[in-house]
There are 2 protein chains.
Amino acid sequence: MEKLATRGRPREFDTDVALAEALRLFWQKGYEGTSLTDLTDAMGITRPSLYAAFGNKETLFRRALDLYEKDKLAYIGEAVEAPTARAVAETLLLGSVDVATGGECRGCMGVISMVGCQSVEPSIRDDVNARAESAKQLIVDRMQRAIDAGEFAVPTSATAITRYLLALMQGISVQAQSGASRSELLEVAESALLSWPSR
Amino acid sequence: MEKLATRGRPREFDTDVALAEALRLFWQKGYEGTSLTDLTDAMGITRPSLYAAFGNKETLFRRALDLYEKDKLAYIGEAVEAPTARAVAETLLLGSVDVATGGECRGCMGVISMVGCQSVEPSIRDDVNARAESAKQLIVDRMQRAIDAGEFAVPTSATAITRYLLALMQGISVQAQSGASRSELLEVAESALLSWPSR
DNA sequence: GCTTTTCCATACCTATAGGTATAGAACTTT
DNA sequence: AAAGTTCTATACCTATAGGTATGGAAAAGC
């Protein structure tokens, strides 16, 4: 990905560290709310260095999303490995609480980007929506397997139960952003799990 | 609220119409995503007219929020009048689907503002959060009455069940923004109601 | 009809946005 | 050590942001 130069003066900063810092900013302030000055200040590099290393603001944002998915959304991939639909739901809900309240950044960056980037350049919006869609598909497929296995008492559809779960996760993110505590959000997850419709 | 001038040349535009147009824009593009040029173009007035009529962008936004609450969030006030907690939940969930997919603007403006204004001037953020908090309190009080009336089978708390409901409504809004259809969102509401924990 | 008040239109202000040209310094390879 | 790269620093570019000064036109009250 990174064309690592063998000749010439080597880069003086660590792109991984810089990218992590960019992620922090985009997560906290959103794509449009984060200016290049914010970025270069926090990353400790100058404007031309940023452009040489990352192209432009949009590709930097995409790289930050990549890092976010890898570091923070791993729980989704793990969740769909769980043995039952109920266990999947539990992992997803608790995972979203963890991400939304675990660090210094509140809420899920995906949700923040989905809500905040609808009026932004289509290329970014489409990218964000596509990422969300592929995560959704993972869960839909898993839920379909659970339905086929007869796990659900009430008749339902894989897409319906998935959208229901995602709605809760998204709501958890929204509330985390407006200041809800970890324990308050765990109550939300528990409420959902208490009346979860599969055995 | 509006100091209506008796002397001098009367205003040539209808402030209510103009405000409705401003609401549309803020709803679609968010506070920061809506520029004064966007506003004046859509409202059909000039910049000084906007400032004379509404003060500045921030107060215009607050006025738009007022209008939004009055026109679009009335269902919340109606919901808490419903006879049972289950009926309250049903009214809230279906109402949020209606608002999120009813017109040309997708999602709930409150959610959009909560997510989009966290990094914006504190005065706006605090206002948005306060509005959300007061709506929440309405539901908490109603749920407490339902608990006191013994409506819930499973032991729960008014704040937990309220946050759970709000999470669903917020998730519905997020999904509406990223393109979910009305019928898809109705599935979310139905999924929640099918396993609603009160009789 | 005159005065006064308020409106609208144009043009402008400062600050900041994202992005880049230029030039010199620093490092690697040969 | 010299040559060849690629870095960083500074300064700048254009576009747009929110907001305002100014002047002339229009409608009300007297």
Side-chain angles (χ1 to χ4, degrees), chain A residues 1-19 21-22 25-26 28-64 116-117 119-125 127, chain B residues 1-19 21-22 25-26 28-64 116-117 119-125 127:
Chain A
M1 186 123 294
E2 201 84 24
K3 65 169 92 169
L4 43 129
T6 56
R7 295 184 293 271
R9 176 177 172 182
R11 190 172 280 127
E12 282 183 3
F13 62 93
D14 183 331
T15 55
D16 290 337
V17 172
L19 182 59
E21 204 64 28
L25 281 183
F26 281 132
Q28 282 174 343
K29 302 157 75 83
Y31 179 73
E32 301 213 85
T34 307
S35 72
L36 283 181
T37 303
D38 293 335
L39 288 166
T40 52
D41 284 357
M43 297 162 91
I45 64 179
T46 63
R47 218 168 262 241
S49 299
L50 189 153
Y51 277 82
F54 299 104
N56 60 14
K57 190 185 177 184
E58 177 175 340
T59 59
L60 174 59
F61 181 70
R62 292 177 131 102
R63 294 277 304 272
C117 292
S119 68
V120 97
E121 278 190 78
S123 53
I124 295 188
R125 176 171 46 77
D127 184 31
Chain B
M1 185 121 297
E2 202 83 28
K3 66 168 91 168
L4 42 129
T6 55
R7 296 183 292 270
R9 177 178 171 182
R11 187 175 281 126
E12 281 182 2
F13 63 95
D14 184 331
T15 55
D16 291 336
V17 172
L19 182 60
E21 204 63 29
L25 282 183
F26 282 132
Q28 282 174 342
K29 302 157 76 82
Y31 178 73
E32 302 212 83
T34 307
S35 72
L36 283 181
T37 303
D38 293 334
L39 288 166
T40 51
D41 285 356
M43 297 162 90
I45 63 179
T46 63
R47 218 167 262 241
S49 298
L50 189 153
Y51 277 82
F54 299 103
N56 60 15
K57 190 185 177 185
E58 178 175 339
T59 59
L60 174 60
F61 181 70
R62 293 177 129 101
R63 294 276 304 271
C117 292
S119 68
V120 95
E121 280 189 78
S123 53
I124 295 188
R125 175 172 48 78
D127 184 31

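Naming convention: chains lettered A, B, ... in sequence-line order (proteins, then strands); numbering from 1 in each chain.
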What is the distance, to the nearest angstrom, from the [atom1] atom on [X] to the [atom2] atom on [N]?
X: F54(B); N: dC8(C); atom1: CZ; atom2: P; result: 11 Å
X: I45(A); N: dT10(D); atom1: CD1; atom2: C1'; result: 16 Å
X: E12(A); N: dG24(C); atom1: CD; atom2: P; result: 18 Å
X: F13(B); N: dC7(C); atom1: CZ; atom2: P; result: 8 Å

Nearest 0.5 angstrom please: [X] [atom1] to [Y] [atom2], how far?
X: L25(A); Y: Q28(A); atom1: CG; atom2: CD; answer: 6.5 Å
X: F54(A); Y: I45(A); atom1: CZ; atom2: CD1; answer: 6.0 Å
X: D127(B); Y: E121(B); atom1: CG; atom2: CD; answer: 12.0 Å

Could you go over nucleotides 16-20 of chain C and give all protein N or O partners under 3.5 Å, atom names and distances?
from: dA17(C); atom 1: OP1; to: S35(A); atom 2: OG; distance (Å): 3.4
from: dG18(C); atom 1: OP1; to: T34(A); atom 2: O; distance (Å): 3.3
from: dG18(C); atom 1: OP1; to: K57(A); atom 2: NZ; distance (Å): 2.6
from: dG18(C); atom 1: OP2; to: L36(A); atom 2: N; distance (Å): 2.6
from: dG18(C); atom 1: N7; to: R47(A); atom 2: NH1; distance (Å): 3.0
from: dG19(C); atom 1: OP2; to: Y51(A); atom 2: OH; distance (Å): 2.6
from: dG19(C); atom 1: OP2; to: K57(A); atom 2: N; distance (Å): 3.4
from: dG19(C); atom 1: O5'; to: Y51(A); atom 2: OH; distance (Å): 3.1
from: dG19(C); atom 1: N7; to: R47(A); atom 2: NH1; distance (Å): 2.8
from: dG19(C); atom 1: O6; to: R47(A); atom 2: NH1; distance (Å): 3.4

**Request:** Check salt bridge (charged side-chain N to carboxylate O under 4.0 Å, His left out) between K29(B) and all other residues, then give those that pass, not counting sequence neighbours.
**Result:**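 With neighbours one apart ignored, the set is D38(B).
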**Message:** Below the 4.0 Å mark, does dC8(C) have OP1 or OP2 next to a side-chain nitrogen or oxygen of S49(B)?
**Reply:**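 Answer yes for this pair, as a side-chain N or O of S49(B) is under 4.0 Å from OP1 or OP2.
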Whether the side chain of [X] engages the backbone of [Y] through a donor-acceptor N/O pair (distance < 3.5 Å, no angle test) should be reported.
X: K57(B); Y: Y31(B); result: yes
X: T40(A); Y: R47(A); result: no
X: D16(B); Y: L19(B); result: no

**Complete:** E58(B) and S123(B) have their tightest heavy-atom pair at OE2-OG, 2.9 Å
**Complete:** Stems with DNA chain C, 3 or more Watson-Crick or G-U pairs in a row (under 3.5 Å), are C:1-30 with D:1-30
